[in-house]
Amino acid sequence: MYFEIFILGAIILFLLNYTGRISANRFVADNEVYFRKLKESDWDFYVKAKYGDGVNPDFLFNKRIQNGLLTILVLVFFFLSKISYITIIFSLIGGYLVFKMDYSNLKKYYKAHLHEIDSMLPHYLKSLEILIQHYTVPVALGKSIEDAPSIFKEGLQEMINEINAGNDRIDPYMNFAKTYPVRDSMRMMRLLYRLSLGRQEHKQEQLLAFSKTISNLQQKAREIKYKERLEKMEGKTMHMLIATGLGVMVLLILAVLMLMNM
């Protein structure tokens, strides 16, 4: 009986959506202001880290909302014959978990590619250093966009637009660091801002200090990468030793038991 009600509810939902009587897309669009409050602060960054500029983070976020709402409706139909506060809460929790699933997957992707993504900003700034030798920081930033990693291009353009609009404070640099929270991004953006404030006669000295700091950050990232790789190898070796030891113990016990039965 319950299965039949569930199937009937699913068919009704499909028909209403197909005929346009209800539309998940329209409902999400009409209530976008409220749903945006559920958006994680680092969602855009994780989307760009995996897909680059080819995918709109807002579009994927709306799909998450739709999937969560549809999950809630499906679960409500499933429990329709025994509806209660508990089943409603269970349906809401199920919808929320489905909504959070894509975010968790992107976060796992970022952690799996942590060093690769974190190293992009120091490498970019290292290449930017050559342009800064010949141009001011804002001009150098503008000329560097074409060769910048795709993940940073949109944020760089926004930062340049703010600077060109007359914002000579640190805010554009900090906004970029918040949008791309890779390791030491705040520190690197503060260094770049200080370099943009420097006098022309001291530019070479400041540029050398900037270059040295970025090189140190690159070296730090490499050391962390090698350390974690070593720890992972040591962990695998330990697991192999434990498995081998347990295997030997089992064989010894079996051999003893066989001797006792002889």
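Just so you know, these numbers come straight off a predicted model, no measurement behind them. Here, residue 1 is the first one in the sequence, and each next residue gets the next number. Side chains included, hydrogens not; waters and symmetry mates left out as well; all remaining heavy atoms used.
Minimum heavy-atom separation, Leu106 to Tyr46: CB-CB, 4.0 Å. Between Ala177 and Met186, the closest heavy-atom pair is CB-SD, 3.7 Å. Contact record, Tyr124 with Ala148: CE1-CB, 3.6 Å, taken as the closest heavy-atom pair. When all heavy atoms of Ala49 and Ile151 are compared, the pair lying nearest together is CA-CD1, 3.4 Å. Residues Gly95 and Ile72 share a closest heavy-atom pair of CA-CG1, 3.6 Å. Shortest non-hydrogen contact noted between Phe210 and Leu191 is CD1-CB, 3.9 Å.
Within 6.0 Å of OH in Tyr103 there are more than 12 heavy atoms belonging to other residues, nucleotides or ligands.
At a threshold of 4.5 Å between non-hydrogen side-chain atoms, the residues Asp44 and Thr179 do not count as touching. Residues Tyr173 and Val137 form a side-chain contact, since some pair of their non-hydrogen atoms from C-beta on lies under 4.5 Å apart. Using a 4.5 Å heavy-atom cutoff, the side chains of Leu60 and Tyr51 are in contact. You'll find the side chain of Ser185 reaches within 4.5 Å of the side chain of Leu121, heavy atoms only. Contact check for Asn175 versus Glu162: side-chain heavy atoms found under the 4.5 Å cut-off. Put simply, the side chain of Ile89 does not reach to within 4.5 Å of the side chain of Ile86, judged on heavy atoms. Proximity of Phe61 to Asp102: side-chain heavy atoms (C-beta onward) are nowhere separated by under 4.5 Å.
Within the 3.5 Å criterion, the main-chain N or O of Asn67 finds a donor-acceptor partner in the side chain of Thr71. The backbone N or O of Leu141 lies less than 3.5 Å from a partner atom in the side chain of Ser144, making a donor-acceptor pair.
Aromatic ring orientation, Phe152 versus Tyr180: perpendicular (interplanar angle above 60°, classes split at 30° and 60°).
A salt bridge links Asp58 with Lys39: the closest approach of a Lys/Arg side-chain nitrogen to an acidic carboxylate oxygen falls below 4.0 angstrom. Taking a cutoff of 4.0 Å between a charged side-chain nitrogen and a carboxylate oxygen, Glu40 and Lys100 qualify as a salt bridge.
To the nearest 0.5 Å, atoms CG (Leu192) and CD1 (Ile214) are separated by 8.0 Å.
Hydrophobic clustering keeps Met101 apart from Ile65 (ILVMFWY residues linked when any side-chain heavy atoms are closer than 4.5 Å, directly or through intermediates).
Using a 3.5 Å distance cut-off with no hydrogens or angles, the side chains of Asn62 and Gln66 do not pair a donor with an acceptor.
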